[in-house]
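Every chain is numbered from 1, with letters handed out A, B, ... down the list of sequences. All values below come from the heavy atoms of this structure, side chains included, with hydrogens, waters and symmetry mates left out. The structure displayed is predicted, hence computed values, not measured ones.
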Amino acid sequence: MTKTFASLLLAGLLLGPAAVLAQDGLTFASVSASLETEKVDADPDDPAIWINAADPAQSRVIGTDKDVGLVVFDLAGRIVQRLSDGRLNNVDIRQDVMLGGEKVTLVAASQRIDDTILFYTIDATGTLTEATPFSFPGAPRIMEDDIYGIGLYNDAAAGRLFVIVSYKTGDIMQWEVTRESGTLALSFIRQLSVPTQPEGVVADDEHGWIYVGEEDGGLWRFFAAPDADTQGVLVDAVGSQCLPEDDLEGLAIARNGSEGYLVASAQGVNRYALYARVPDENGQQACLGSFEIATGKTDPVSETDGLDVTTTPLGAAFPQGLLVVQDDRNEGFSRNFKFVSWADVVDAMKLPPQ
Amino acid sequence: MAQELSAEDQAINNTATLGEAAEAPTEWLGDTPHFVMVGEWGDYSFNINVPYLDAQSDASFSGKREYGRDDAGALHFIDFEVAANAVMNDIERTIELEFANADFSTHELPASFTFQTEDEFPEGDEASLEVQFEWEWIEKSAIVNDEGLADGGTLALALDQGEANAEGIADSGTIGGFAQIEKGGKTLALSFTIPVTEAEIDD
């Protein structure tokens, strides 16, 4: 029996655990989470992974809890730190960035109370502390709607760090982050835009791209360099086989050497789409398929939203890395994050070995 | 291998029941806190009959008011949400009904509204209604998340009690009424009187 993925969805067909369906060269698979975090107080959205290089099993996951602030988890899913700093929507991290002659790890979060960008530093134990200053305006002018997504872009070769924030208006602001004597400063660089409301923002540091998820529109790619063309390229549109329904939500880069995947959260179908990380000679980034997180050791993941992934091994539990995703429904009408072994995704999606 | 829900499981998944089976209400059932919703929406059928809300119950029924500001800064009661979180035939299910008007507070109660789909916050005696329900049947790894606008029907808003807080918005009290909800030729009947537990200003 041959069916398209869309017709499978419409018919209410489900992929059982570890099931794989190949269709038109695309792979549609099912994995399950290895574990889930403690529930959060309100409404989780977006995670970022801090890698403890000295002891990878002691790495941390920083998640936004949208009406509360940030929550930090260990790799067993236990809450180890809470930062009640307001309506933090999205979060991103860059580790060991050279700024002002010092190596620093920065976490940036978008704050919807006053449309600001908040910065934290992380020490060697994975504990977050407010940076100095803590808060910066998200835009160089008054905006008509909320700040929403956030991403960091580290151009290591140039020794420059940037923070990019998306607004519900469709505007995207790129700022340069500098640091002198422990004090951060932001300089406005330029503005990008997408036609309608975006959220997810992620930069591919090595290849110099910024990706933006236009929730009802599709996946956009921009040059990340501050003096580059501001015209975006539509990588995939909502309505495609990989994004059959809106919203397009969180984005993350899964590295495999210089190649790898762009992971995109397809909320309307509770799935995650994988795109080639490197565009082909025509600038196209093929979608390889998508996967769901089904019932296994935990409940399934629904209304997929923010996510982060690392392919760095994080101990025995996550030997090829970790995918962290928000889960909108959990037992007891609660919400949390799910941890998925990236090795399970590689296996289910039949990806080349890491 | 693709796995399909059996017809029996599909019926369980697509049917939400709570309490003793009830006939569809035809009018507001009064100011005693209750939630009764009977009928069909798309592929899903509902027979939720909670004639007396019990604070000790695991089930949760609550209301939320939302306000908007006009250019002069004045607040308008533009939206209220009726939400149910309850285990219905062994599955944790969430149902949310969001009613909108340019300003519900300008209408003397009881007030009748006709559902339309053109405007998000319609003026006068028209209203919009967004229906959303979602659940996971964990054992079957089945996820339901459906939402849409009522394309016809009426709301009879009978009760709206609550005192404004320091911000000028009412985040307590009760709200109640009766709705005949139409979508694609199917009908849901809803009678509710529920506590309001939250309010916010939509910036």
Side-chain angles (χ1 to χ4, degrees), chain A residues 1-3 5 7-23 28-33 42 67 87 112-115 143-147 168 245-247 267-271 292-304 327-335, chain B residues 1-16 18 42-44 57-62 64 68-69 71 81 83-88 90-96 132-148 167 171 197-203:
Chain A
M1 182 171 63
T2 302
K3 290 175 181 271
F5 177 60
S7 72
L8 283 169
L9 288 170
L10 289 170
L13 289 168
L14 304 167
L15 294 173
V20 176
L21 174 71
Q23 177 72 38
F28 297 103
S30 180
V31 301
S32 56
D67 294 331
R87 298 177 61 199
R112 290 176 64 186
I113 290 177
D114 52 5
D115 295 328
M143 301 296 291
E144 294 173 353
D145 210 335
D146 288 0
I147 198 170
K168 287 186 171 183
E245 294 180 27
D246 56 25
D247 292 351
Q267 186 175 71
V269 290
N270 309 300
R271 300 182 73 86
E292 65 176 354
I293 301 173
T295 300
K297 292 176 182 172
T298 74
D299 62 300
V301 173
S302 56
E303 276 210 70
T304 60
D327 183 17
D328 197 58
R329 285 195 74 84
N330 210 45
E331 289 174 87
F333 300 102
S334 64
R335 292 165 170 155
Chain B
M1 292 287 289
Q3 175 186 325
E4 188 176 3
L5 286 179
S6 68
E8 184 181 0
D9 284 346
Q10 195 76 266
I12 293 169
N13 194 43
N14 289 14
T15 304
L18 182 63
D43 295 332
Y44 302 91
S57 166
D58 290 337
S60 159
F61 299 88
S62 61
K64 175 183 175 182
R69 288 190 194 277
D71 292 341
E81 184 179 300
N85 283 314
V87 177
M88 303 177 192
D90 295 329
I91 299 173
E92 288 185 355
R93 307 189 199 234
T94 296
I95 297 164
E96 295 172 347
Q132 180 171 10
F133 46 86
E134 56 186 56
W135 54 80
E136 290 177 353
W137 188 1
I138 296 173
E139 292 78 7
K140 304 291 181 181
S141 202
I143 295 171
V144 168
N145 188 346
D146 202 323
E147 64 183 27
E167 280 188 290
D171 56 3
T197 58
E198 190 179 356
E200 70 173 16
I201 299 170
D202 181 9
D203 295 325

(message) I'd like to know if the side chain of A:Thr295 and the backbone of B:Glu139 have a donor-acceptor N/O pair within less than 3.5 Å.
(response)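 Not a single qualifying donor-acceptor pair exists.
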(message) At a 4.5 Å cut-off on heavy atoms, which part of A:Asn330 comes close to chain B: side chain, backbone, both, or neither?
(response)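 For A:Asn330, the contact with chain B is made by the backbone alone.
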(message) Around atom CG of B:Asp202, are there more than 12 heavy atoms from other residues, nucleotides or ligands closer than 6.0 Å?
(response)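 Atom CG in B:Asp202 is packed in, count exceeds 12.
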(message) For a 4.5 angstrom cut-off between non-hydrogen side-chain atoms, does B:Asn145 reach A:Arg329?
(response) no
(request) Would you indicate whether the side-chain heavy atoms of B:Glu136 and A:Asp327 approach each other to under 4.5 Å? (result)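 In contact.
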(request) Heavy-atom distances under 4.5 Å only: say whether B:Asn85 touches chain A with side chain, backbone, both or neither. (result) both
(message) How long is the straight-line distance from CD of B:Glu92 back to CG of A:Asp299, given to the nearest 0.5 Å?
(response)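 Those atoms lie 9.0 Å apart.
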(message) Just verifying a value: how many Å separate B:Ile143 CD1 and A:Glu292 CD, rounded to the nearest 0.5 Å?
(response) 6.5 Å
